[in-house]
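A short write-up of the structure that comes next.
Whatever order the structure lists ligands and atoms in, that order sets their numbers, starting from 1.
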Amino acid sequence: MQVETSSSKYGIKHYPDAIREWKKEGNYFCFYTTETILEVRVIADKIIRFRYAADGTFQRDFSYATSDTLEESPIVFGIKEWEETFEIYTDALKVFIARDNLRITITDKDGKVINQDEMGFHWQHYLQKGGKIVYCSKLVQEEECFYGLGDKPTDLNLRGKRLENYGTDAYGYQKDTDPLYRNIPFYYGLHNGIGYGIFFDNTFRTIFDFGKEREDACSFWARGGEMNYYFIYGPELLDVAASYTRITGTPELPPLWTLGYHQCRWSYYPDSRVREIAAEFRKRQIPCDVIYLDIDYMEGFRCFTWSKEYFPDPAGLIRDLAAQGFKVVVIIDPGIKVDPEYSIYQEGVKNNYFCKRADGALMEGDVWPGKCVFPDFTNPEVREWWSSLFKGLAETGVRGVWNDMNEPAVFEMGTFPEDVRHDYDGEEVSHRKAHNVYGHLMSKATAAGMKKYLLPNRPFLITRSCYAGAQRWSSVWTGDNVSSWEHLWLASIQCQRLAVSGLSFAGSDIGGFIGEPDGELYTRWIQLGAFHPLMRTHSASNETGFNQEPWSFGPDYEKIVAKFISLRYELLPYLYTTFWQYATHGTPMLRPLAFVAQHDPATHNCTHEFMMGDALLISHVSEEGMKEKAVYLPQGQWYYFWNDTVYHGGQQVTVATPLEEMPLFVKAGAVVPRYPVMQHTYETPITEMLLHVYYGDTITQSTLYEDAGDHYGYKNGQYNVINFKQASSTEQFMLKKKYFVNYETTYSHHRIILHGLPFKAGTVLIDGEPLTLTAEHHLPDGTISFIADRGFENITIHKA
Ligand code: MIG
């Protein structure tokens with residue numbers, strides 16, 4: 001019997017009744033009620049997947065989010081039958097399923113509640129549109145905080161908010177605008193020190209309510225499709241993040257140059273202007289690796305063409321730029337101009353590659369080129385074709401592609417009407433189901449093409465819209481933001497949130513896309529951007545003629561901007577190592593404070609501070625005229641980056657914030673690898689790898705990963721992983737190194753720069769060999785600097 005409880009404009013809600021039968025097959029269990037079936041799949045001891053067939057029939061089990069390499073590998077699991085419940089257990093979890101109504105309670109091994117259904121799964125007929133709306137509601141636990149959901153421009157903790165996913169071209173969005181460009185139906189809960197995650201793998205419009213409608217309920221639903229979610233247990237939030245990334249996939253390593261500085265504008269043209277910009281960087285000695293070409297490089301905005309007037313010789317331009325150390329990234333939109341003379345349009349029409357309306361007419365809409373049609377990227381054959389179109393760009397020398405407008409955005413209509421048909425890999429669905437994966441699959445096909453034609457080089461892709469899992473092939477940016485202080489603050493939150501939503505490789509348009517920043521705002525934004533995985537200045541300045549380059553605000557600002565871009569380049573080995581951790585373990589590169597110290601409630605609502613990697617804590621300045629800033633430091637000891645003052649964590653400290661500094665701290669004990677300053681990656685071979693070692697009196701591990709920075713040798717083992725362990729005391733400094741090395745570096749030695757030694761240094765022993773420190777080893781800033789062979793294994797310094 002289905003129970004009627006509430007009715008709304010959507011109709012009666014249906015709830016499952018009692019379990020009548022169950023079965024076990026391999027690692028999954030099915031529970032049958034009168035109409036509803038629940039499938040519980042044990043993916044790993046901390047990952048459980050729940051699927052509900054509302055009226056007895058499961059839909060095709062198919063996902064654009066999950067990684068092909070996801071293995072279902074539970075070690076220990078089983079089932080127990082209790083009077084009122086079934087209990088499925090693993091090594092880490094107990095899942096109780098109520099016999100009466102299918103409601104779920106998940107506890108840890110000791111019976112502590114992690115997550116519990118309120119009404120649990122229920123559904124209703126979508127009277128206006130057909131199909132079903134599928135819901136799941138959970139109880140909000142005591143003091144529970146919620147995180148995740150991709151690019152939402154709102155406070156980090158989502159408690160009390162309702163948000164939805166339906167990719168939208170949100171030009172000039174503001175705080176709390178929703179939805180934005182990306183669709184990431186994944187959130188975290190944190191209560192009583194326990195962290196978990198829920199990934200609702202459903203591509204229809206999804207809505208999440210974190211105790212807004214009813215304070216004690218957290219619910220999520222979709223306007224179609226199946227209730228299908230992965231429950232992921234931590235208890236550490238960072239482990240939840242890693243497991244989520246295991247489900248939805250990790251990226252390959254990007255080419256090192258993509259971690260350099262990117263300069264973009266709508267638009268740099270003609271070619272002479274691009275050359276000027278490049279020359280300006282080198283003349284002013286401001287490092288830069290990448291220049292972007294926005295839509296004006298094309299002939300009448302036709303994708304895969306070059307304007308004969310503005311770019312008569314693109315290969316020549318790109319070759320000359322390459323000689324100066326620049327890579328070129330070009331934009332490609334989904335809209336294909338309706339033009340019977342245009343080969344891409346012809347091919348697409350001939351082969352039926354473009355999206356159609358329900359009545360069979362082509363889906364036409366206006367975008368930059370005028371009237372356009374749009375490839376159906378949900379069709380695998382169309383993806384193949386699209387990938388093949390990148391051959392020309394790759395041969396011309398283009399090293400990266402920028403996918404825009406793929407929410408999809410259409411002038412006037414906003415996006416496609418819901419009746420548009422999509423192949424959806426053979427399923428034939430309406431736009432309601434395909435909307436949230438349109439840009440996702442466009443970027444997937446683009447990345448596949450670029451990868452194929454750029455081999456042996458690694459490709460680079462940046463996309464505006466995507467669904468969960470796009471980190472496997474793309475980076476993202478936060479879209480059309482505004483030159484305002486509030487937006488600087490939002491950029492920080494959005495990039496942190498993207499990082500914990502699987503998309504670490506993200507950045508904002510530095511300085512703001514819409515409007516004109518002043519020198520102070522631009523400088524503060526560069527400071528933040530220097531610690532974002534993707535560092536790109538971009539602006540819509542072609543309308544106003546305004547310039548947004550590092551030198552646009554006068555020499556005083558330029559000097560500081562150059563200092564931070566240079567620092568970014570010095571930190572490249574650290575950034576690259578952090579990327580490697582993300583690519584191999586799924587650990588987010590940016591870590592909100594709550595993810596670093598979840599047992600400390602003072603971190604739970606912290607929005608303006610985060611860690612980049614294991615060692616650096618950033619608390620950027622996002623207020624005009626700020627002279628000092630209060631920063632909360634988690635437990636432990638922290639060095640102030642600019643002067644090595646040591647602070648004790650677990651408290652708020654205040655530091656001065658002159659424009660040339662931003663609050664930046666290094667975790668005591670850490671080893672931070674640095675390169676000498678370069679104007680672009682591979683400018684000259686690295687002859688010395690600097691190791692900045694921060695004395696600490698607890699045992700601390702640090703890592704340095706290195707490989708060729710391009711190509712795929714690392715997949716055949718050509719890389720080095722060097723682990724440092726500092727185990728110092730108040731009497732003795734001790735650094736040990738353990739390594740796997742299989743890649744020949746260009747440098748033969750390290751320069752050790754030791755910060756904060758609390759005692760007078762006696763003799764240094766490098767693998768037992770004594771080194772007597774002289775005045776020249778003691779630098780004016782208080783550090784001790786000396787050289788050690790690349791192969792050193794331990795360094796000891798006794799108190800004098
Ligand atoms: O409707 O290509 O977000 O970065 O410069 C505007 C022009 C289209 C929006 C992107 C922006 C890009 C711009 N595009």
Side-chain angles (χ1 to χ4, degrees), residues 151 153 167-174 177 179-182 262-269 273-274 277 290-307 310-311 328-337 365-372 374 400-415 438-439 442-443 446 460-466 474-483 487 490-491 494-495 498 506-517 525 529 532 534-549:
D151 57 1
T168 302
D169 177 4
Y171 178 83
Y173 62 88
Q174 292 300 328
T177 300
L180 292 196
Y181 308 88
R182 271 151 290 267
H262 304 222
Q263 182 66 42
C264 188
R265 171 186 158 120
W266 178 18
S267 296
Y268 287 128
Y269 73 95
R273 178 75 183 130
V274 181
I277 293 290
V290 199
I291 297 189
Y292 284 63
L293 301 181
D294 204 328
I295 49 176
D296 299 287
Y297 79 90
M298 297 181 252
E299 188 67 52
F301 306 123
R302 287 171 191 79
C303 293
F304 309 103
T305 66
W306 292 86
S307 156
Y310 300 136
F311 293 90
V328 173
V329 172
V330 302
I331 197 165
I332 289 287
D333 289 351
I336 297 298
K337 188 176 174 67
D366 279 357
V367 219
W368 297 109
K371 200 197 281 174
C372 282
F374 302 84
V401 173
W402 173 20
N403 280 165
D404 187 21
M405 304 291 278
N406 53 5
E407 291 70 27
V410 184
F411 294 164
E412 270 148 51
M413 310 177 165
T415 188
Y438 188 80
M442 177 198 186
S443 64
T446 304
F460 170 70
L461 185 73
I462 176 167
T463 184
R464 197 168 71 175
S465 187
C466 66
S474 191
S475 68
V476 297
W477 87 104
T478 59
D480 295 344
N481 62 358
V482 180
S483 300
H487 263 274
L490 289 177
Q494 288 182 284
C495 289
L498 283 164
S508 66
D509 286 354
I510 294 176
F513 177 70
I514 301 159
E516 302 176 4
W525 212 315
H532 279 165
L534 185 84
M535 184 185 192
R536 182 180 84 152
T537 292
H538 182 40
S539 63
S541 42
N542 68 334
E543 286 158 13
T544 57
F546 178 75
N547 292 322
Q548 198 159 304
E549 285 101 33

Does Asp404 come within less than 4.0 Å of Arg464, counting only side-chain N to carboxylate O?
-> yes

The protein heavy atom nearest to atom 1 (O) of ligand 1 is Trp368 CZ2, 2.9 Å

Just let me know how Tyr181 lines up against ligand 1, side chain, backbone, both or neither, with a heavy-atom cut-off below 4.0 Å.
-> neither

Decide side-chain contact (heavy atoms from CB on, under 4.5 Å) for His538 and His262; before the verdict, give the C-alpha distance in whole Å, the side-chain angles of both, and the deciding distance to 0.1 Å.
-> CA-CA 9 Å; His538 182 40; His262 304 222; over 6 Å; no

N or O contact, Asp509 vs ligand 1, cut-off under 3.5 Å = no

Check each atom of ligand 1 against the heavy atoms of Ile295 and keep those under 4.0 Å away; list them by number with element.
-> 2 (O)

Judged by modelled atom types alone, do Tyr310 and Glu299 share a side-chain donor-acceptor pair under 3.5 Å?
-> no

Asp404: numbered ligand 1 atoms lying under 4.0 Å from its heavy atoms | 2 (O), 3 (O), 8 (C), 9 (C), 10 (C), 12 (C), 13 (C), 14 (N)

Take Trp402 and Trp266, measure what ring pair (Phe, Tyr, Trp, His ring centres under 6.0 Å) needs, and give me the verdict at the end.
-> CA-CA 12 Å; Trp402 173 20; Trp266 178 18; 9.3 Å; no

Step-by-step ring pair (Phe, Tyr, Trp, His ring centres under 6.0 Å) determination, His487 to Phe513 = CA-CA 10 Å; His487 263 274; Phe513 177 70; over 10 Å; no

Given the options Thr478, Thr168, Asp151, Arg182 meets side chain to side chain donor-acceptor pair (under 3.5 Å) only with Asp151

Could you tell me whether the side chains of Asn406 and Thr463 share a donor-acceptor contact shorter than 3.5 Å?
-> yes

If you measure every N/O of Asp480 against every N/O of ligand 1, is any gap under 3.5 Å?
-> yes

Geometric cation-pi criterion Arg536 and Tyr292, 6.0 Å radius, 45° cone | yes

Does Tyr171 approach ligand 1 within less than 4.0 angstrom via side chain, backbone, both or neither, non-hydrogen atoms only?
-> neither

What residue and heavy atom of the protein are closest to atom 4 (O) of ligand 1, and at what distance?
-> His538 NE2, 2.9 Å

Quick one: which ligand 1 atoms are inside 4.0 Å of a heavy atom on Ile331?
-> 2 (O)

Indicate, as side chain, backbone, both or neither, the part of Asp333 found under 4.0 angstrom from ligand 1 when only non-hydrogen atoms are considered.
-> neither

Counting both backbone and side chain atoms, is some N or O of Asp294 under 3.5 Å from an N or O of ligand 1?
-> yes

Taking both backbone and side-chain atoms of Trp266, is any N or O found less than 3.5 Å from an N or O belonging to ligand 1?
-> no

